[in-house]
> 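Just passing along the structure, written as structure tokens.
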Amino acid sequence: MTRAVKTPFKRILLTGAAGGLGKVLRKRIKPWAEVVRLSDLGDMGAPGEGEEIVRCNLANKEAVLALMEGVDAVLHFGGISTEAPFEDIMLANILGVANLYEAIHKAGVKRVVFASSNHAIGYYKTTESVDAGMPTRPDSLYGVSKCFGESLSRYYFDRFGIETVCVRIGSCFPEPTNRRMMSTWFSYDDLTEMLRCALFAPRVNHTIVMGQSDNPSTWWDNRHARHLGYQPKDSSAPYKDLFPDTAEFPPGDDLATLYQGGAFLLKGPIYE
């Protein structure tokens with residue numbers, strides 16, 4: 001008789017499951033729960049073994065309350081992940097996350113990972129080193145929405161004790177594709193490991209961690225998140241020959257190279 005393998009969680013909710021990172025994480029997080037509940041408005045295909053598919057509009061409060069039933073932990077990757085008109089961002093990223101945290105509170109969920117973004121701090125210069133204790137400086141309305149999510153999760157921790165790890169995701173792609181990503185690259189394997197640490201650490205309180213691999217050139221300092229035990233295994237170093245000027249990264253007077261947010265600084269309403 002084969003003995004069943006005990007998983008850490010009964011049910012994990014992954015929002016944004018039809019998105020780019022949601023598709024990457026779908027199989028990777030299966031060992032962590034008996035059931036992975038996948039949610040999005042996009043096409044998520046058919047559920048596999050140990051999966052549940054629930055289409056949900058995060059702007060619909062009642063639907064989000066129902067979505068949270070029976071959930072032990074949440075990986076929140078839902079919402080808009082690029083710059084967009086404020087009306088769209090407000091519904092998906094601001095009202096959506098407000099509905100989500102209220103449902104988390106009412107369902108008694110105690111551990112959340114919030115997919116924040118480096119664009120919450122994109123208006124720091126590329127010559128500066130940024131840590132989680134420094135003020136946010138969003139580079140876009142999208143970045144503003146991530147600052148809101150970080151603040152809201154802090155409120156729900158202080159008020160209700162709901163622990164959240166906010167991951168300010170850098171550039172999460174199979175490999176760096178430009179000079180900026182040599183500093184901001186975050187491999188899929190390192191993302192998965194960071195999420196594992198965020199879910200399994202005994203106590204996280206409210207933590208903001210910079211989502212990055214072990215890149216030789218970096219703008220971010222993770223000293224305030226050492227208690228998570230995250231140790232990146234990948235690095236942008238093997239790709240250095242593709243972008244030989246990376247070590248210099250001369251800011252000049254180009255906004256996209258002067259500030260850490262890169263091209264996001266050129267997409268906001270000022271430039272419309």
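This one's a predicted model, so the numbers in the text were calculated from it and none came from an experiment. What's counted below: heavy atoms across the whole structure, side chains too, no hydrogens, waters or symmetry copies.
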> With sequence neighbours left out, write down each residue that passes side chain to side chain contact (heavy atoms under 4.5 Å, CB included) with Ala18, or none if nothing qualifies.
Asp40, Met44
> Which pair of heavy atoms, one from Ser171 and one from Thr184, lies closest together, and at what distance?
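Smallest interatomic distance, heavy atoms only, reads OG-OG1, 2.6 Å.
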> Heavy atoms only: give me the nearest Arg26-Pro47 pair and the separation to one decimal.
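Where Arg26 meets Pro47 most closely, the heavy atoms are NH2-CA, 4.0 Å.
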> For Ile12, run the side-chain contact (heavy atoms from CB on, under 4.5 Å) check against Leu199, Leu195, Val35 and tell me which one passes.
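Filter result, single survivor: Leu199.
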> Check the surroundings of atom NZ in Lys30: do more than 12 heavy atoms from other residues, nucleotides or ligands lie under 6.0 Å from it?
yes
> Is there a path of hydrophobic side-chain contacts, each under 4.5 Å between heavy atoms of I/L/V/M/F/W/Y residues, joining Leu152 to Met90?
yes
> Please examine the side chains of Pro138 and Phe264, heavy atoms only from C-beta on, and report whether any two atoms are closer than 4.5 Å.
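Side chain of Phe264 against side chain of Pro138, heavy atoms only: no contact under 4.5 Å found.
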> Quick check: closest heavy atoms across Phe243 and Thr177, and the distance to 0.1 Å?
CZ-C, 3.3 Å
> Compare all side-chain heavy atoms of His105 with those of Glu102 and state whether any distance is below 4.5 angstrom.
yes
> Applying salt bridge (Lys or Arg N to Asp or Glu O under 4.0 Å), can you list everything that pairs with Asp221, at least two apart in sequence or on another chain?
Arg223
> For Phe173, what are the other residues in its hydrophobic cluster, where any two members join if their side-chain heavy atoms are less than 4.5 angstrom apart?
Met181
> Check Val165 against Val209 and note the closest heavy-atom contact, atom names and distance.
CG1-CG1, 3.8 Å
> What pairs of donor and acceptor atoms, side-chain ones from residues 62-82 against any protein atom, are under 3.5 angstrom apart with sequence neighbours left out?
residue, atom, partner, partner atom, Å
Asp72, OD2, Lys10, N, 2.8
Asp72, OD2, Arg11, N, 2.8
His76, ND1, Thr15, OG1, 2.7

> Taking the side chain as everything from C-beta on, heavy atoms only, tell me whether Leu21 gets closer than 4.5 Å to Cys172.
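In contact.
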> Using only atom types and a distance under 3.5 Å, with no angle test, would you say the side chain of Asn118 pairs donor to acceptor with the backbone of Ile169?
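Such a contact is found between Asn118 side chain and Ile169 backbone.
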> The criterion is salt bridge (Lys or Arg N to Asp or Glu O under 4.0 Å); which residues satisfy it with Arg111, sequence neighbours excluded?
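Only Glu163 meet the salt bridge (Lys or Arg N to Asp or Glu O under 4.0 Å) criterion with Arg111.
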> Listed by chain and number, what are the side chain to side chain donor-acceptor pair (under 3.5 Å) partners of Asp190, not counting sequence neighbours?
Ser187, Ser213
> Is there a donor-acceptor pair under 3.5 Å between the side chain of Asn222 and the backbone N or O of Met210?
yes
> Tell me, with the steps shown, if Gln260 and Arg137 meet side-chain contact (heavy atoms from CB on, under 4.5 Å).
CA-CA 10 Å; Gln260 295 183 14; Arg137 295 186 64 179; over 6 Å; no
> Can you tell if the side chain of Cys166 reaches within under 4.5 Å of the side chain of His206, non-hydrogen atoms only?
yes
> With heavy-atom distances below 4.5 Å as the criterion, would you say the side chains of Ile29 and Phe9 are in contact?
no
> Considering residues at least two apart in sequence or located in another chain, which fulfil the side chain to side chain contact (heavy atoms under 4.5 Å, CB included) criterion with Thr218?
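For Thr218 the side chain to side chain contact (heavy atoms under 4.5 Å, CB included) partners, ignoring immediate neighbours, are Gln212, Trp220.
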> Measure the shortest side-chain to side-chain distance between His227 and Thr207 over non-hydrogen atoms and say whether it is less than 4.5 angstrom.
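They are in contact (side-chain heavy atoms under 4.5 Å apart), so the answer is yes.
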> Excluding sequence neighbours, so at least two apart, what forms ring-ring contact (aromatic ring centres under 6.0 Å, His included) with Trp32?
Phe200
> Name the atoms and distances for all side-chain donor-acceptor pairs under 3.5 Å in residues 141-150, with sequence neighbours left out.
residue, atom, partner, partner atom, Å
Ser145, OG, Asn93, ND2, 3.1
Ser145, OG, Tyr142, O, 2.6
Lys146, NZ, Ala115, O, 2.7
Glu150, OE1, Arg168, NH2, 2.9
Glu150, OE2, Ser116, OG, 2.7
Glu150, OE2, Arg168, NE, 2.9

> Supply the atom-to-atom distance Ile53 CD1 to Leu38 CG, rounded to the nearest 0.5 angstrom.
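Atom-to-atom, Ile53:CD1 and Leu38:CG are 4.5 Å apart.
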> Show every ring pair (Phe, Tyr, Trp, His ring centres under 6.0 Å) that has at least one partner inside residues 176-195, sequence neighbours left out.
Trp185-Tyr239
> So how far is it from Phe114 CZ to Arg154 CZ, rounded to the nearest 0.5 Å?
15.0 Å
> Would a 4.5 Å heavy-atom cut-off, applied to side chains only, mark Leu58 and Val97 as touching?
no
> Applying salt bridge (Lys or Arg N to Asp or Glu O under 4.0 Å), name anything that partners Arg55, two or more places apart in sequence or on another chain.
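Per chain and number, Arg55 pairs via salt bridge (Lys or Arg N to Asp or Glu O under 4.0 Å) with no residue.
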> Can you list everything that forms a ring-ring contact (aromatic ring centres under 6.0 Å, His included) with Tyr156? Sequence neighbours excluded, please.
Tyr101, Phe160
> Where is the tightest heavy-atom contact between His119 and Ser140, given as atom of each residue plus distance?
CB-OG, 4.3 Å
> How close do Gly122 and Asp139 get, counting heavy atoms only, and between which atoms?
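So the two residues come closest at CA-OD2, 3.3 Å.
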